[in-house]
Amino acid sequence: MLFGPPGAGKGTQAGRIVQATGKPQVSTGDMLRAAVENGTELGRIAKGYMESGGLVPDEVIIGLIEERIKQPDAIGGLLFDGFPRTIPQAEALEKIAPVSMVIAIHVEDESIVERICGRFTCASCGEVYHDIFRPCKTESVCDSCNGTEFKRRADDSEATVRNRLSAYHEQTSPLESWYFDRGLLRRIDGNHSIEQVGQEISNLLDE
Ligand code: ADP
Ligand code: ADP
Ligand code: ZN
């Protein structure tokens with residue numbers, strides 16, 4: 001499980017872990033955004049919470065994860081990114097599947113705002129970029145799939161980021177000690193380069 005504030009680099013590192021381990025990535029944020037785009041019932045419920053930067057209610061998220069864990073590809077283990085985000089979500093997960101490791105990526109709030117406001121992704125493959133910290137090698141061409149269309153999230157604005165950070169500090173950060181108490185937590189410094197953070201994570205995965 002990758003744990004940390006919005007913009008810490010979870011999605012960026014998840015892409016690398018998936019390549020290295022073959023375990024499917026489960027990002028509740030990506031699942032919710034897909035539901036909003038497809039106009040499903042779930043999307044209709046989640047939209048307002050996501051736009052304001054608040055958390056989607058626990059029962060909705062827990063239902064989504066219960067369904068995801070039943071898929072055949074979950075048998076060999078999953079990589080969670082952005083889930084759980086509250087203690088009730090972690091308690092629900094504990095009842096349905098064991099967690100082997102929680103990697104907490106630490107980044108200060110001021111860097112978070114900078115990271116999120118410059119974030120964009122490839123519309124075809126989802127590769128994560130940043131205007132300054134992770135530009136495309138050839139301008140406007142995706143390094144991994146050669147796609148030329150990119151997306152920016154509506155909630156990646158400074159005003160919404162502040163709300164997302166308060167939701168993180170109030171509702172999500174208590175999970176760090178919750179997992180520490182269970183002996184599952186590993187902490188890493190997310191202020192280093194993408195490469196260095198990736199290296200630290202792969203050292204942990206080799207443990
Ligand atoms: P999260 O999934 O935790 O919200 P992302 O992986 O989407 O975070 O990263 C947020 C932004 O910060 C992206 O634009 C990404 O390119 C950039 N980023 C990720 N890791 C680093 C890093 N170690 N140094 C600088 N920028 C980074
Ligand atoms: P980031 O890590 O950049 O904040 P995500 O893509 O993980 O963004 O999440 C986007 C939004 O989706 C959150 O602001 C929240 O509204 C909702 N969300 C995602 N995962 C959860 C979750 N596990 N519990 C509650 N809300 C969630
Ligand atoms: Zn791409």
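Both counts, for ligands and for their atoms, begin at 1 and track the order of listing.
Given atom 21 (C) of ligand 1, the protein heavy atom at minimum distance is Ile194 CG1, 3.4 Å.
Between Phe133, Phe120, Tyr129, it is Phe133 that holds the heavy atom closest to atom 26 (N) of ligand 1. Counting heavy atoms only, Thr12 comes closest to atom 19 (C) of ligand 1 of the residues Asp156, Asn191, Thr12. For atom 5 (P) of ligand 1, the nearest non-hydrogen atom from the set Glu195, Arg152, Arg119 belongs to Arg119. Around atom 8 (O) of ligand 1, the closest heavy atom drawn from Gly9, Gly82, Gly4 belongs to Gly9.
A salt bridge does not link Glu91 to Arg182: none of the charged side-chain nitrogens sits closer than 4.0 Å to a carboxylate oxygen. A salt bridge does not link Arg187 to Glu200: none of the charged nitrogens lies less than 4.0 Å from a carboxylate oxygen. The existence of a salt bridge linking Arg115 and Asp156 is excluded, since no basic side-chain nitrogen approaches an acidic carboxylate oxygen closer than 4.0 Å. Salt bridge status for Lys70 with Glu66: absent, with no side-chain N to carboxylate O gap under 4.0 Å.
Atoms of ligand 1 lying under 4.0 Å from at least one heavy atom of Val128, given by number and element, are 7 (O), 13 (C), 15 (C), 16 (O). Shown in contact with Leu32 at under 4.0 Å from a heavy atom are these atoms of ligand 2, numbered in order with element: 12 (O), 17 (C), 18 (N), 19 (C), 27 (C). Listed by number with element, the atoms of ligand 1 under 4.0 angstrom from any heavy atom of Arg134 are 16 (O). Short contacts between ligand 1 and Ser193, defined as distances under 4.0 Å to a heavy atom of the residue, involve ligand atoms 23 (N). If you number the atoms of ligand 2 from 1 as listed, the ones under 4.0 Å from a heavy atom of Gln89 come out as 22 (C), 23 (N), 24 (N), 25 (C). The atoms of ligand 2 that sit less than 4.0 Å from any heavy atom of Arg164 are 1 (P), 3 (O), 4 (O), 8 (O), 14 (O).
Polar contact with ligand 1: present for Ala8 (N/O pair, distance under 3.5 Å). Annotation: Gly11 places an N or O atom under 3.5 Å from an N or O atom of ligand 1; distance criterion only. Annotation: His192 places an N or O atom under 3.5 Å from an N or O atom of ligand 1; distance criterion only.
Taking a 6.0 Å sphere around OH of Tyr129, one finds it holds more than 12 heavy atoms contributed by other residues, nucleotides or ligands.
An angle of 120° is found at the Zn ion (ligand 3) between Cys125 atom SG and Cys145 atom SG, rounded to 10°.
For the ligand labelled ligand 2, residue Gly54 lies inside the 4.0 Å heavy-atom shell.
For residues 170-190, no residue pair satisfies the ring pair (Phe, Tyr, Trp, His ring centres under 6.0 Å) rule, not counting sequence neighbours.
Side-chain polar atoms of Gln171 and Thr86 form no donor-acceptor pair below 3.5 angstrom. Remark: the Ser193 side chain and the Gln196 side chain contain an N/O donor-acceptor pair separated by less than 3.5 Å.
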